[in-house]
Structure formats: structure tokens, C-alpha cells
Student: 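First the structure, then my questions, so here it is.
Note that ligands are numbered from 1 as they come in the structure, with each ligand's atoms numbered from 1 the same way. Counting begins at 1 with the first residue of the sequence.
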Amino acid sequence: MSVLVINSGSSSVKFQLVDPSDGRSIASGLVERIGESSGHVALTYEGETTENSAPFPDHGAGLRSAFEMMKERGIDLSDAGVTAVGHRVVHGGEVFSEPTLIDDDVCRKIDQLSSLAPLHNPPNLQGIEVARRELPDIPQVAVFDTAFFHALPAAAATYAIDSDVAAAHGVRRYGFHGTSHEYVSGRVAEFLDRDPTSLNQIVLHLGNGASASAVRGGAAVDTSMGLTPLEGLVMGTRSGDIDPGVIMHLRRSADMSVDEIDELLNRRSGIKGLSGVNDFRELRTKIESGDDAARLAYDVYIHRLRKYLGAYMIALGRVDVITFTAGVGENDLNVRADTLAGLEMYGIVVDPERNAVRSKDARAISPDGSPVTVLVVPTNEELAIARAAARLVG
Ligand code: AMP
């Protein structure tokens with residue numbers, strides 16, 4: 001039994017054939033540069049990678065090429081025991097609070113939510129439409145990035161603006177990376193062999209995009225991303241929190257258009273905007289060579305993270321576990337150590353030796369018996385989507 005997981009972005013599609021029972025990745029691949037003059041598709045199966053370059057005018061052409069490649073490698077999706085196709089969908093708005101079996105009506109609703117996520121929902125939907133056409137007999141399931149935060153308490157979900165305007169335009173805090181926060185907080189309970197309802201957790205998903213969540217008894221009570229994935233922590237290329245007055249100022253004084261400001265805050269800000277690079281490995285190299293801009297970028301990043309950590313410690317009242325996940329959280333020991341430095345009086349301690357261990361497994365980096373357990377737990381959004389899809393189709 002396997003689930004084909006599809007994560008369809010603006011110019012790329014990631015796909016993975018996953019066994020939801022044990023999490024084994026049977027095959028995985030990536031179609032890139034869709035819509036450009038030369039596209040690229042790669043498939044890894046049984047330890048061997050096959051690649052092909054060709055123009056893919058749209059998502060349909062890209063995915064068809066990937067399916068063709070799977071066939072050539074002996075993976076026939078219709079015979080491979082594929083029980084479902086699971087699609088990552090970024091914005092579920094107020095409509096979708098859980099994984100949903102896809103039909104025409106669901107596609108229409110995902111399309112209607114595109115105004116809230118213009119860069120994400122349309123390519124997600126294209127992936128869904130192609131997969132439905134190519135694999136018409138396999139049930140398709142949408143798994144929403146916002147779903148885990150659907151029931152945020154009103155005080156955490158509400159922006160303090162005119163409530164009529166907010167209601168008319170769907171302006172509220174939705175939160176993103178929900179599949180990861182849900183998966184990781186669930187893995188934490190498993191790893192600690194604790195009932196999830198007994199745990200108060202802070203999850204720090206630090207990848208190229210970054211978000212924090214406060215999870216009480218298995219339910220999210222706050223998260224750092226809002227109407228869009230732009231709010232909150234400093235990210236690879238996104239600003240995170242910013243005075244909304246900056247936007248009006250740039251509009252009026254710098255004569256920047258809304259699209260230009262959008263591009264500035266989403267793609268030319270964050271670590272990249274401050275230092276010129278967005279990868280933490282390159283940032284570290286620059287810091288070590290004495291680059292002041294890189295140092296400042298790092299300090300701003302850590303400062304913002306600690307602000308959220310403090311806020312969520314107070315929101316939860318009692319914190320049992322703090323968990324780092326995603327590319328930076330799983331790999332960058334300096335970020336982990338600096339985020340939690342000097343918090344011994346709150347029972348938060350990082351053991352330097354444990355923190356220095358490199359591993360793909362979940363692990364504790366706090367000393368045994370610490371009041372607050374600090375963990376590193378690799379996220380696996382594909383597995384979470386595969387499991388959600390498999391559960392839904394039974
Ligand atoms: P993600 O979005 O979760 O795939 O995370 C990607 C980011 O993780 C990259 O942009 C890097 O900043 C960071 N990253 C990946 N590997 C490492 C590493 N070994 N050390 C530090 N940062 C890393």
C-alpha cells in the first residue's frame with residue numbers, strides 16, 4: 001500500500017510515493033522550471049536517480065513526464081497499490097479544517113480561496129487537476145497547511161481592525177506549516193511516550209520559511225504566521241513581523257507599487273535582505289569571516305525567535321517541551337543554542353554535547369531530568385500527508 005504525495009508549487013512539483021504504515025519513501029522526485037524554456041525532472045527509485053531535461057509548458061506536461069518516468073522505471077501507479085493521492089494545499093481558509101476528499105466542489109472552493117494565497121493555491125490546484133485527469137480511479141485528498149490552526153482561540157486568530165472589514169475580506173490569522181506542526185507535536189508525544197493531551201509544547205519550524213506554534217494538549221493555541229505566511233519570524237527571504245506603517249510609507253514615499261512591496265517583503269527580505277544569502281550554512285561562513293551584515297542578520301533572526309518563545313511561554317503558562325524542526329532547526333546547532341541561551345531560570349537548558357550530535361533521528365538536547373525537555377525532531381510533511389490521505393480513504 002502506498003500514497004502518492006504531490007506538492008505543487010509555482011514552477012515546480014515535488015512528488016513522493018510513501019508507504020504510510022512505516023513512512024518508507026518508495027520513490028521520490030522533482031519537476032522543476034515549469035513554464036521555462038528548459039525544464040528538468042528527476043526521479044529517485046531503489047537508490048538510483050533518473051533525470052531528464054525538456055521544456056514543460058505547464059504543470060500537466062511536467063507531471064505527465066514524471067508519471068512516464070515512473071512507468072519506465074517499473075512503477076505503474078495504477079498497479080502499485082496506490083490507495084490515494086495526497087495533495088498539499090496551502091490555504092484552506094475558513095472552509096477546510098481537515099483533510100478532504102477532492103471532488104469538483106472542493107476544487108471550486110480551493111480556487112475561490114486563491115485570493116488569500118495567490119502564489120500558492122493556483123499551482124496547488126493545477127497539480128490536483130492534472131493528477132485527477134491522469135489517475136482518475138484513485139481517490140485524491142487535499143491536506144491543508146492551515147487546518148491544524150483552524151480552531152485557534154479567537155483572541156489569537158483575530159486582528160484588531162474594523163471587524164466588518166475583516167469579515168468582508170476574510171482577514172484573520174490562519175497560520176501555515178500546520179501539517180508540520182501537527183506531525184512534529186505528535187511525534188514529540190510518541191518519542192516521550194506521553195499522552196499528547198498532557199503536554200504543553202512550543203514547536204519551532206525553522207526552514208527557509210519559519211514559524212512557531214504553541215500547542216496545549218495537542219491543540220494549537222497560537223502560531224506566528226497569519227493571514228499569509230509572511231507574518232512572524234524572520235525567514236530566509238521573508239521579513240516576518242513588520243510595522244504595517246512601513247508598507248504605507250514605501251507606497252507613498254518610495255512610490256513602490258503593491259506588487260513591488262509584496263516582492264520586497266517575500267523575496268528580498270529576511271536573512272537574504274540583510275546579508276545577501278538565505279542559506280544558514282552560507283550565513284555562518286560569512287559570520288565567521290567577520291561580515292557585520294551577516295552577524296546583524298543572525299542577531300535579528302535570534303532576537304525575533306526569542307520574542308516568540310517568551311510570548312508562547314507566557315501563553316502556555318507551563319512549558320513541557322520545546323522542539324526544533326525543519327532545515328535550520330534540525331541542522332544548525334548554533335541557532336538552537338543561541339535561541340535558548342541564558343534561560344536556565346525557566347528550566348530551559350541545552351546540553352552542548354547533545355546539541356552537537358548530528359542525526360536524522362528525533363533526539364533530546366536538554367540534560368536528563370530538565371524541567372523543560374528540548375528536542376530536535378525531523379519533520380516529514382510528505383509522511384503526514386500520506387497518513388492523512390490513507391486514513392481518509394480507509
Ligand atoms: P527547509 O525549508 O526546511 O528545507 O530548510 C532549508 C534551509 O535549511 C536552508 O535554506 C538552510 O538555511 C537550512 N539548512 C539546511 N541544511 C543545513 C545545515 N546542515 N546547517 C545549517 N542550515 C541548514
Side-chain angles (χ1 to χ4, degrees), residues 5 7-16 25 28-30 32 42 44 88 90 119-120 145 175-185 187 203-213 223-225 228-230 232-240 266-289 291 293-302 304-305 323-340 350 352 354-363 365 375-385:
V5 177
N7 183 350
S8 183
S10 58
S11 65
S12 67
V13 182
K14 276 197 253 179
F15 57 95
Q16 196 173 136
S25 169
S28 65
L30 176 66
E32 288 178 289
T44 302
R88 174 177 185 230
V90 166
L119 299 179
H120 295 105
D145 238 26
F176 297 87
H177 289 152
T179 309
S180 176
H181 285 276
E182 185 172 20
Y183 172 81
V184 168
S185 55
R187 278 286 294 131
V203 178
L204 303 173
H205 175 112
L206 310 178
N208 200 22
S211 60
S213 69
T223 191
S224 58
M225 285 176 166
T228 74
L230 187 52
L233 302 177
V234 176
M235 310 182 210
T237 64
R238 288 175 238 164
S239 62
N266 274 296
R267 299 195 193 282
R268 284 193 287 135
S269 297
I271 293 291
K272 183 168 178 112
L274 291 173
S275 76
V277 296
N278 67 313
D279 189 302
F280 270 69
R281 288 161 286 197
E282 293 175 58
L283 187 72
R284 178 60 44 194
T285 308
K286 280 187 169 233
I287 292 171
E288 282 167 3
S289 71
D291 185 316
R295 181 79 239 173
L296 176 64
Y298 183 77
D299 290 348
V300 174
Y301 181 91
I302 297 291
R304 183 82 50 83
L305 247 176
T323 305
F324 290 89
T325 192
V328 178
E330 290 167 30
N331 293 299
D332 195 317
L333 60 100
N334 294 299
V335 166
R336 296 193 297 256
D338 293 337
T339 304
L340 302 183
V350 172
R354 289 185 169 186
N355 190 32
V357 171
R358 294 210 160 274
S359 162
K360 293 262 169 246
D361 297 327
R363 58 202 184 274
I365 58 168
L375 300 180
V376 178
V377 174
T379 191
N380 190 340
E381 287 166 283
E382 284 76 18
L383 175 58
I385 292 171

Student: For atom 21 (C) of ligand 1, what is the closest protein heavy atom, and at what distance to 0.1 Å?
Tutor: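 The answer is Arg281 CG, 3.7 Å.
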Student: Is Asn208 close to ligand 1, meaning an N/O of one under 3.5 Å from an N/O of the other?
Tutor: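 In this structure, Asn208 places an N or O atom under 3.5 Å from an N or O of ligand 1.
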Student: Whether the side chain of Thr323 engages the backbone of Leu375 through a donor-acceptor N/O pair (distance < 3.5 Å, no angle test) should be reported.
Tutor: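 Side chain of Thr323 to backbone of Leu375: no pair is present.
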Student: Give the residue and atom name of whichever protein heavy atom lies nearest to atom 9 (C) of ligand 1, and the separation in Å to one decimal.
Tutor: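 Scanning the protein heavy atoms, the shortest distance from atom 9 (C) of ligand 1 goes to Asp279 OD2, 3.8 Å.
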Student: Would you call Asp299-Arg295 a salt bridge at under 4.0 Å N-O?
Tutor: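 Salt bridge flag = yes for Arg295 with Asp299.
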Student: Run the numbers for me: atoms of ligand 1, each under 4.0 Å from some heavy atom of Phe280, listed by number.
Tutor: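 Checking each atom against Phe280, I get 11 (C), 12 (O), 22 (N).
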Student: Could you walk me through whether Thr325 and Glu330 pass the side chain to side chain donor-acceptor pair (under 3.5 Å) test, one step at a time?
Tutor: CA-CA 5 Å; Thr325 192; Glu330 290 167 30; 3.3 Å; yes
Student: Out of Val277, Asn331, Ile271, who gets a non-hydrogen atom closest to atom 18 (C) of ligand 1?
Tutor: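 When every heavy atom of Val277, Asn331, Ile271 is considered, Asn331 comes closest to atom 18 (C) of ligand 1.
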Student: List ligand 1 atoms under 4.0 Å from Val328, heavy atoms only on the residue side.
Tutor: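 By the 4.0 Å cutoff, the relevant atoms are 8 (O), 12 (O), 13 (C).
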Student: Using a 3.5 Å distance criterion without hydrogens, assess whether the side chain of Asn278 forms a donor-acceptor pair with backbone atoms of Ile271.
Tutor: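 Side chain of Asn278 to backbone of Ile271: no pair is present.
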Student: Please list, in number order, the atoms of ligand 1 under 4.0 Å from a heavy atom of Gly207.
Tutor: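 Listed by number with element: 1 (P), 2 (O), 3 (O), 5 (O).
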Student: Using heavy-atom distances only, which candidate in Ala210, Gly329, Gly327 approaches atom 14 (N) of ligand 1 most closely?
Tutor: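 Heavy atom nearest to atom 14 (N) of ligand 1 belongs to Gly327.
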Student: Run the numbers for me: atoms of ligand 1, each under 4.0 Å from some heavy atom of Ala326, listed by number.
Tutor: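 Result: 3 (O).
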Student: Does a donor on one side chain and an acceptor on the other come within less than 3.5 Å for Ser269 and Ser239?
Tutor: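 There is no such pair (donor and acceptor under 3.5 Å, judged by atom type) between the side chains of Ser269 and Ser239.
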Student: Would Ser180 and His205 count as a side chain to side chain donor-acceptor pair (under 3.5 Å) if you check the C-alpha gap in whole Å, the side-chain angles of each, and the deciding distance to 0.1 Å?
Tutor: CA-CA 8 Å; Ser180 176; His205 175 112; 2.8 Å; yes
Student: Inspect the contact between Asp361 and Arg363 and indicate whether a charged nitrogen and a carboxylate oxygen are less than 4.0 angstrom apart.
Tutor: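 Looking at Arg363 and Asp361, the cut-off is not met.
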Student: Does the protein place any heavy atom closer than 4.0 Å to atom 4 (O) of ligand 1?
Tutor: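 Protein heavy atoms within 4.0 Å of atom 4 (O) of ligand 1 - there are none.
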